[in-house]
Protein chains: 2
Amino acid sequence: MTNLFVAKLGGHATLTTAEIAKLTRACQGARGYPAGHDLIHEGDASGGTFVVLEGWACRYKSVPGGGRQIVAFLLPGDFGDLHAGVLTGLDHSIATVTKALIATIPAAEMDELVTMRPAVTEAFWWAQLVDESILRAWVVSMGRRSSMERVAHLMCELYARMRNIGLADADSCEMPLTQLVLADALGLTPVHVNRVLRKLRTAGIMLLSDGVLRVLDPAGLTRLAGFDDNYLHRRPTRTA
Amino acid sequence: MTNLFVAKLGGHATLTTAEIAKLTRACQGARGYPAGHDLIHEGDASGGTFVVLEGWACRYKSVPGGGRQIVAFLLPGDFGDLHAGVLTGLDHSIATVTKALIATIPAAEMDELVTMRPAVTEAFWWAQLVDESILRAWVVSMGRRSSMERVAHLMCELYARMRNIGLADADSCEMPLTQLVLADALGLTPVHVNRVLRKLRTAGIMLLSDGVLRVLDPAGLTRLAGFDDNYLHRRPTRTA
DNA sequence: CGGCTTGTTGAAGTCATTCAATATTAGTGG
DNA sequence: CCACTAATATTGAATGACTTCAACAAGCCG
């Protein structure tokens, strides 16, 4: 199986064979974790960068009162904080969502990769900017979309991202999110997520069950969500 | 008056005199704009970077149906997208909130600044990461806080940021936001913003009027908001 | 098998929206 | 400087979206 981390970066900058080798090697020490496992916790000093090789993870912030708000999903090929060496402490936590295979790149090695190789630097910049762009889309969803539109939009985002890394079929993909996790991500209650999913199901728009998303009416889903994938910035400026 | 853009970057990396001069010079061609003026619009190819020297600006995304969601406020010293040359098109718009003095740095010049000078690069990285961190805090606010907590949290954020750039008094600062703009930022209706502000006023917690925020009960406001300023990452890692 | 997590549904309540009307302020032109 | 107009602020009443509380079903793991 190809390394999706390297593939992702390589898709947005022309990497030399040496750079590819270096990035691949940095992922050698990957380790498996169970679902729901905290990789790093809010307040910790950041000791490195996590790269998700298989499975899903998420960033989240705890809220006074006991709950949490998920602020991003990390899919295979995505990585955690590059904050290492730049910011003081982590302002959020990272946890696995499913059983996952995670590589940990030490801060020093990461620094070297990011600093020394212009192509790699650019690829990281790109990834960082896309992350921020997704975050802006989340704010829009939370602020201006109804619960149904919000669910639809998240499904569109995740399906598009899965497709970008070759992990989606024509009208379905893995979506290993419990309704509780969805609620944590969407700013809704699990109960309401359940009701919204039922509505989407009975409306013949989409179906989420057993960790699989099936899109029954792609055009309808996109329209409902008000989804436009341009914010995922698929294509790089310079043609490889 | 000092250039807050240069001051901000200088606060997080040790800049040489030459670098300071270069950054300052890049802001020479500043221009005034009226309030509510679009500096760049969603979908445009990004032609440079905006630096806010005086006044306030915001990033926003339009939503199908006519409204908009503000996703960030740009205070004096803040700058718009560094996306130039990395991403395809802009996924959001930038507009002035008040009458503002804005410098426009051409993409080429920006590239040179960002790429050639390690200290400047690092400062930009830092600023970018803080922006993202603020965005995460917004998602948490929208997802998990009541309208009153949300207003309180935004006031805390903006007051803290104003203080960081030396534009706040002990218990008050400029806050040139209409209730309509606040509503666009908080994902609420203007009517409800009005009611929340009244509640905060009659509770003796804070007072927002005539473009000025007066914090009557700092501890109470912070507690209500669940505000912890560590996500603004005030201090850099390397001691200057 | 038994316990735990996840999913499902109903009924009641709350928070924020919507609609609508009026007051206040600010900006503009005579 | 005043009159006029538009933008902003304020308040009430009714509606609606989502939450809360509660109960139960279904699947999964040890």
Side-chain angles (χ1 to χ4, degrees), chain A residues 34-37 56 63 65-70 95-99 141-154 175-203 206-214 224, chain B residues 34-37 56 63 65-70 95-99 141-154 175-203 206-214 224:
Chain A
H37 183 266
W56 288 34
V63 277
R68 68 168 182 173
Q69 173 68 46
I70 292 177
T96 56
V97 169
T98 67
K99 190 154 72 78
S141 263
M142 311 278 264
R144 294 285 166 224
R145 282 192 248 266
S146 71
S147 58
M148 197 150 120
E149 296 165 343
R150 217 183 293 178
V151 171
H153 198 275
L154 182 60
M175 188 70 63
L177 304 174
T178 64
Q179 296 180 358
L180 203 114
V181 171
L182 272 174
D184 282 346
L186 292 163
L188 301 169
T189 58
V191 176
H192 199 61
V193 167
N194 181 288
R195 289 194 234 270
V196 170
L197 288 178
R198 178 179 36 164
K199 256 198 189 168
L200 288 166
R201 190 187 332 126
T202 59
M206 52 159 271
L207 194 140
L208 180 61
S209 70
D210 303 315
V212 174
L213 168 73
R214 251 172 280 271
L224 173 63
Chain B
H37 182 267
W56 288 34
V63 277
R68 68 169 183 173
Q69 173 66 47
I70 292 177
T96 57
V97 169
T98 67
K99 189 153 73 78
S141 264
M142 310 278 262
R144 296 283 166 225
R145 282 193 249 266
S146 71
S147 57
M148 196 150 122
E149 295 165 343
R150 218 182 294 178
V151 171
H153 198 275
L154 182 62
M175 188 69 63
L177 304 175
T178 64
Q179 295 180 0
L180 203 112
V181 169
L182 272 174
D184 281 346
L186 292 163
L188 301 168
T189 57
V191 175
H192 199 60
V193 167
N194 181 287
R195 290 194 233 270
V196 170
L197 288 177
R198 177 179 36 164
K199 254 196 190 170
L200 287 166
R201 189 187 334 126
T202 59
M206 52 159 272
L207 194 141
L208 180 61
S209 69
D210 303 313
V212 174
L213 168 74
R214 252 171 279 272
L224 172 62

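Because the structure is predicted, anything quoted here is derived from the model rather than measured. Each chain gets a letter, A, B and so on, in the order its sequence line appears, and its residues count up from 1.
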Between A:L208 and A:V151, is the side-chain contact (heavy atoms from CB on, under 4.5 Å) condition met? List the steps.
CA-CA 11 Å; A:L208 180 61; A:V151 171; over 6 Å; no
Is B:S147 close enough to C:dA16 that one of its side-chain N or O atoms is under 4.0 Å from OP1 or OP2 there?
yes
Taking D:dG12, D:dC18, D:dT20 as options, the one with an atom nearest any side-chain atom of A:R195 is D:dT20
Under a 3.5 Å distance rule, please check whether B:T98 uses its side chain to pair with a backbone N or O of B:A35 as donor and acceptor.
no
Separation of B:D210 atom CG from C:dT25 atom P, in whole Å?
8 Å
Quick check on D:dA9: is either OP1 or OP2 less than 4.0 Å from any side-chain nitrogen or oxygen of B:N194?
no
Against the side chain of A:Q179, the closest entry in C:dT18, D:dA9, C:dG7 is C:dG7
Answer with base, sugar-phosphate or nothing: what part of the nucleic acid does A:L197 contact at a heavy-atom distance below 4.0 Å?
nothing
Nearest-Å distance for atom pair CG/C1', residues A:L182 and C:dT6
12 Å
What does A:S146 touch in the nucleic acid at a heavy-atom separation under 4.0 angstrom: a base, only the sugar-phosphate, or nothing?
sugar-phosphate
Looking at every strand, decide which applies to A:G187 at a 4.0 Å heavy-atom threshold: base, sugar-phosphate, or nothing.
sugar-phosphate
In this structure, which one of B:L200, B:N194, B:V193 forms a side chain to side chain contact (heavy atoms under 4.5 Å, CB included) with B:V196?
B:L200
Assuming nearest nucleotide by heavy-atom distance, tell me which of A:L180 and B:T189 is located more 5' along DNA chain C.
A:L180
From C-beta outward on A:T178, which listed nucleotide comes closest to its side chain: D:dG12, D:dT20, C:dG7?
C:dG7
A:K199 NZ - C:dT9 C1' separation (whole Å)
15 Å
If I take atom CE in residue B:M142 and atom P in nucleotide D:dC18, what distance separates them, rounded to the nearest angstrom?
14 Å
Nucleotide C:dA16, atom P - distance to CZ of A:R144 in whole Å
14 Å
Please state how far atom CD in B:E149 lies from atom C1' in C:dT14, giving the value in whole angstrom units.
14 Å
Whole-Å gap separating P (C:dT18) and NE2 (B:H192)
12 Å
What do the steps show when you test B:M175 against B:V212 for side-chain contact (heavy atoms from CB on, under 4.5 Å), and what is the final call?
CA-CA 5 Å; B:M175 188 69 63; B:V212 174; over 6 Å; no
Report which part of the nucleic acid B:G36 touches: base, sugar-phosphate, or nothing (heavy-atom distance under 4.0 Å, all strands).
nothing
Classify B:R198 by what it touches in the nucleic acid, base, sugar-phosphate, or nothing, heavy-atom distance under 4.0 Å.
sugar-phosphate
B:L208 has an atom CG; how far is it from atom C1' of C:dT25, in whole Å?
15 Å
Which of these passes side chain to side chain contact (heavy atoms under 4.5 Å, CB included) with B:I70: B:L182, B:L177, B:D184, B:L186?
B:D184
Regarding the side chain of B:R201, the nearest nucleotide among D:dT10, C:dA16, C:dT8 is D:dT10
Evaluate the side-chain contact (heavy atoms from CB on, under 4.5 Å) criterion for residues A:M142 and A:Q69: first the C-alpha distance (whole Å), next the side-chain angles of each, then the deciding distance (0.1 Å), finally the verdict.
CA-CA 12 Å; A:M142 311 278 264; A:Q69 173 68 46; 3.5 Å; yes
Closest-nucleotide mapping onto DNA chain D: is A:L188 or B:P190 further toward the 5' terminus? I mean the 5' end.
B:P190
